[in-house]
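Below is one structure, written out as structure tokens, with a few remarks after it.
In this chain, residues are counted from 1 in sequence order.
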Amino acid sequence: MSEILKNNENDDIVNTKIEDFVAVFVNSFEQYQQKDYNKILLNNNGNSIKLWAWNNDKAIAEFAILTADKVAHNVTLTASDLIGEKENIQNKNVSLSFIKEVKAYTGHAGWYAQNPKQCMPRGERESYPEVIYSDNPISIDKNTVQLVWVQINVPKNIAAGIYRGTVIISADNINNKTELNFELEVLNITMPEPDKYLFDVEYWSHPYNVAYYYDVEPFSDKHLQILEQHMSLYKSLGGHAITASIVEEAWGGQTYGGNNSIHYPSMIKWIKSNSGEWKFDFTQFDKWVQLNKQIGIADKIICYSMMPWKNTVRYYNESTKKLKKIKINPASKVKYCKVWAPFLKAFIEHIDDKGWFDTIYMGFDERRNMETALDLIASVKNKDGKTLKISASFNDFKHNAAIFNRLHYASVGLQQIRNNLSDFKEQVKLRRTNNQETTMYTATEHVPNSFTKSIPVESYWTIMFAGALDTTGFLRWAYDAWVKKPLEESTHWSFPAGDCFLVYPSAKDDINKESKLSVRLAKLDEGVRDVNKLYLLRNMDNAVSDKIEKLFSQIKGDKENSYEFYTIAKTNFWGRTAKWLTEKGKNQMIEDMEKVKQSIYEISKIYCENLNK
């Protein structure tokens, strides 16, 4: 029998005792570590919870299993059917997953250009609940917190009403079973399919990292088989734009690359022939695009980049039979066009033949002095007289409107938006009228954020804030730029832990190789669904549109200190400071986002009532 000794907040003795183990619902906006054992028992939602969702939607919850003074062997999770007045939701729609902890460095690792040897940061690591991993039975050590993620997939045509179900938690060596009860209210509104979202996501993909991790040949049949599930998961989150590399190291080798000297290769291989002419091998590019189009995405294929971070193009020289590189600075217009014009002509001819031209975007990532590249793109037309579309993460939108206006698809960083809030809102409005898309992104040193140490509510807030700005979506680097052993530790040598990936792989020896959501990605996804609810209702019902605009206007975040944060000084000579929410900031954000969730529910109910009048 285990006894809880103190309340961490006021040090009062608490007479809570556990017999073997107990399970309680917790707040999925919060983050729970092993040190929160006492806090969970004192501030939990008990053994029942009320949820709500639309048709074709997801309802999520989280609960904690807390063991006493003995190991719980072979802990098993079993969900019942959800029983309704008219029909039932079968338990196959209820997903129960143990959450796996991962270690993470708690500061900011630094900046890749100042750490060319890729030294891992020295300093404190902590374990955080990160991976929504598996429902396979596990053993839980004594006096331990084990979190479980609950997701109910609501069928598209299920009748509106109240549905009730249970989760049974059992262990081989414990006679008593623990039961949790949940009640789901299904509202009579249908969530669109992810490919019909009004607010979508773009998470940059690194398929080579998937190959490195599983030790398979890039774009071999084995690799493509793994990528099919991996990118189908991305599609289910509202993602449809895919990332493609057209040069080696478009971002200067920032990501982990196994034991390879090139961390992110080009999907298009550059070759200089014996005669000195440029040739291009599109084999891997074609396989990547074809796979994603078969999945039902890749209506935007964003190609990086005609301005790689080090302005370097690597190629194979047939005469010398060696790999070589050439530096091409856009400031030297003649030299730049001499190299890139042949590529553009060959590339456009190839994608014309494939029928892909209208889905191709030339991508730029936080580049300045883009005029030379954009002018060249505008000068090379396809068989129908069209030029390629342009996408960019571009922060200088206020002082460089001439470039910003040329971007068909643009994303601006959170802090730049804050620094120029009214101008950004005007740009979003103007670009919507011009059928140009505008999204928000978060990156290193932005706070709040979606790092391993960030609490889950930060991810939800991020999407709600982007929705409050009326953007067309959210961008995040990156989806899957895994480090060496991501299931053990998410620390990177140059960025905050977790910055480089939102999904996790399976264990390498698992038979089924499948990617798994992080908790923070699940909360990003929850935010995406909720913003889509608000966008959809705003378009469907004038009676609730004012309430929606009022809700959006109340979402705080226009200043960095809208939620209190603190700064950790750098702990390595190449490092940077790290910004994290204080306990006060966390609690205020949780309180605010709980009110937002309640308001979305109430607005949805009003819409349903109006339908029945």
Side-chain angles (χ1 to χ4, degrees), residues 202 204 241 243-247 250-252 300-313 327-341 343-344 347-348 357-382 385-443 446 466 469-477:
E202 180 192 353
W204 288 3
T243 313
S245 54
I246 59 173
V247 292
W251 303 292
K300 291 189 183 76
I301 304 160
I302 305 182
C303 301
Y304 294 94
S305 170
M306 287 178 62
M307 289 180 66
W309 277 31
K310 294 184 179 180
N311 293 320
T312 299
V313 172
K327 201 169 185 69
I328 313 169
N329 192 325
S332 177
K333 188 171 183 177
V334 173
K335 184 177 180 181
Y336 182 88
C337 292
K338 185 177 180 180
V339 173
W340 278 105
F343 171 84
L344 273 180
F347 184 53
I348 287 173
F357 183 88
D358 290 333
T359 61
I360 299 290
Y361 291 68
M362 296 309 295
F364 299 85
D365 179 35
E366 297 181 341
R367 300 292 83 196
R368 295 182 181 272
N369 304 316
M370 294 166 56
E371 290 87 350
T372 297
L374 299 194
D375 289 346
L376 178 58
I377 292 169
S379 72
V380 183
K381 295 179 171 57
N382 81 332
K386 298 178 181 179
T387 58
L388 289 169
K389 292 186 279 290
I390 302 162
S391 169
S393 304
F394 189 76
N395 283 323
D396 195 20
F397 68 92
K398 182 176 180 179
H399 301 104
N400 205 338
I403 294 295
F404 199 59
N405 292 340
R406 296 174 75 175
L407 305 178
H408 300 82
Y409 183 46
S411 194
V412 180
L414 171 60
Q415 197 55 45
Q416 288 297 320
I417 291 171
R418 284 171 167 158
N419 293 342
N420 306 278
L421 190 63
S422 60
D423 293 303
F424 181 76
K425 289 180 177 179
E426 283 299 315
Q427 282 291 336
V428 170
K429 185 177 180 180
L430 175 63
R431 288 174 62 81
R432 276 189 177 275
T433 63
N434 294 333
N435 200 31
Q436 294 169 302
E437 296 175 274
T438 317
T439 69
M440 184 186 92
Y441 72 86
T442 56
H446 290 171
L469 298 170
D470 201 32
T471 63
T472 57
F474 174 69
L475 179 149
R476 191 71 172 83
W477 181 88

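Shown here for Ser305 and Ala250, the closest heavy-atom pair between the two residues is N-CB, 4.0 Å. Closest heavy-atom contact between Pro330 and Asn369: CB-O, 4.3 Å.
Between Phe343 and Trp340, the ring planes lie perpendicular to each other; the angle is over 60°, past the 30° to 60° tilted range. Note on ring orientation: taking the six-membered ring where Trp is involved, the planes of Tyr304 and Trp204 are tilted (angle from 30° to 60°). Note: His446 and Tyr441 have tilted aromatic rings, judged against thresholds of 30 and 60 degrees for the angle between ring planes.
Checking side-chain atoms of Arg431 against main-chain N and O of Phe404 turns up a donor-acceptor pair under 3.5 Å. Under a 3.5 Å cut-off, the side chain of Gln436 and the backbone N or O of Asn405 do form a donor-acceptor pair.
Here Arg367 does not pair with Asp396 in a salt bridge; the nearest charged N to carboxylate O distance is not below 4.0 Å. Under the 4.0 Å criterion applied to side-chain N and carboxylate O atoms, Glu437 and Lys300 are assigned as salt-bridge partners. With respect to Asp470 and Lys429, no salt bridge is recorded, no charged nitrogen being found less than 4.0 Å from a carboxylate O.
At least one side-chain heavy atom of Thr439 sits under 4.5 Å from a side-chain heavy atom of Tyr409. Residues Phe394 and Gln416 form no side-chain contact, since every pair of their non-hydrogen atoms from C-beta on lies 4.5 Å or further apart. Ile377 is not listed as a side-chain neighbour of Lys389, based on a closest heavy-atom distance of 4.5 Å or more. Contact check for Ser391 versus Ile302: side-chain heavy atoms found under the 4.5 Å cut-off. Under the 4.5 Å side-chain criterion, counting only non-hydrogen atoms from C-beta, Phe424 is in contact with Thr438.
Residues meeting the side-chain contact (heavy atoms from CB on, under 4.5 Å) test with Ala466, sequence neighbours left out: Phe199, Met440, Thr471.
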Open item on the list: Walk me through whether Met307 and Asp365 qualify under side chain to side chain contact (heavy atoms under 4.5 Å, CB included).
Closed with: CA-CA 8 Å; Met307 289 180 66; Asp365 179 35; over 6 Å; no
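For the atom pair OH (Tyr361) and CG (Leu388), the distance works out to 11.0 Å, reported to the nearest 0.5 Å. For the atom pair Lys327 NZ and Ser332 OG, the distance stands at 12.5 Å (nearest 0.5 Å).
No more than 12 heavy atoms of other residues, nucleotides or ligands lie within 6.0 Å of CG in Asn435, so this atom counts as exposed by the packing criterion. Crowding of Arg368 atom CZ: a count of heavy atoms from other residues, nucleotides or ligands under 6.0 Å not exceeding 12.
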